[in-house]
Amino acid sequence: MKIFLDSAELAEIRRAADAGLIDGITTNPSLLAKAAGSGGDPREILAEIARTVPGPISAEVVALDAQEMLRSGRELAKIADNIVIKVPLTEDGLVACRKFRAEDIRVNVTLCFSATQALLAAKAGASFISPFVGRLDDVATDGMELIGQIVQIYENYDFATEVLVASVRHPVHVVQAAMMGADAATIPPKVLWQLLKHPLTDKGIEGFLADWAKLPQERRGL
Ligand code: G3P
């Protein structure tokens, strides 16, 4: 399963990229506005992200009608070859998605909350579908059940659209996504580092180092 970082913060992105842990980045208007908060230029931030991570970088249009989504998306796509345009799962979003596909611009259809929405996005030629599991959990609906449905539907009809699990809140979401065969999950930095850490690993290292230190100094070099 591919792991994307859900962030527009360059320091966090560089750390995860340097560790070789990520295959791409997703941003959204909230994340980009936060990163650009103290005077940064969102376009410049996206350009730097695209230089830092060679995989797909999702950049979202901030528009409601298809024409404006197309105008804005074409501008965003000029920033770098690895930019993927994110559009919301609305009637206009799917119209824009079809047009982008015809222009060979990859699209991530976002804010997906149902299997029927995911089916329509795949038929519109989306490269990625982003179902928001955490926000479904927030309203007492099982977000991961939706992932199972979408994976099954896409398999049934051999859709090329990749299932990109979004609104991930904790490591269990990631484990479930991988077990269900989702293509990718986009993960906030805090959860990415939670995937790596285990207290028994730390304790084990501590024990090995302590035992090794009991050897006389001159025999410790390996
Ligand atoms: O990038 C979209 C998504 O991952 C947002 O997550 O935590 O705001 O629901 P969240």
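None of the values given here were measured: they were computed from a predicted structure. Just so you know, ligand 1 is whichever comes first in the structure, and atom 1 is the first atom listed for that ligand.
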Between E12 and R15, does at least one N-O distance fall below 4.0 Å, as a salt bridge requires?
-> no

Is the side chain of R220 donor-acceptor paired with the backbone N or O of A213 at a distance under 3.5 Å, no angle test?
-> yes

Do T26 and T186 have a side chain donor and acceptor closer than 3.5 Å?
-> yes

Donor-acceptor contact below 3.5 Å, side chain N82 vs main chain A50 | yes

Can you find a non-hydrogen atom of D6 under 4.0 Å from ligand 1?
-> yes

Any N or O of R169 closer than 3.5 Å to N or O of ligand 1 = yes

Ligand 1 N/O within reach of R135 N/O, cut-off under 3.5 Å | yes

Output yes when E48 and R14 qualify as a salt bridge under the 4.0 Å nitrogen-oxygen rule, no when they do not.
-> yes

Would you please classify the geometry between the H173 ring and the H170 ring as parallel, tilted or perpendicular, with 30° and 60° separating the classes?
-> parallel

Got the closest protein heavy atom to atom 2 (C) of ligand 1, with its distance?
-> F132 CZ, 3.3 Å

A student checking ligand 1 against K86 at a 4.0 Å heavy-atom cut-off should list atoms 1 (O)

Applying a 4.0 Å heavy-atom criterion (strictly less than), which segment of E60 is in contact with ligand 1: side chain, backbone, both, or neither?
-> neither

Name the option, out of S167, S58, S30, that contains the heavy atom nearest to atom 6 (O) of ligand 1.
-> S167

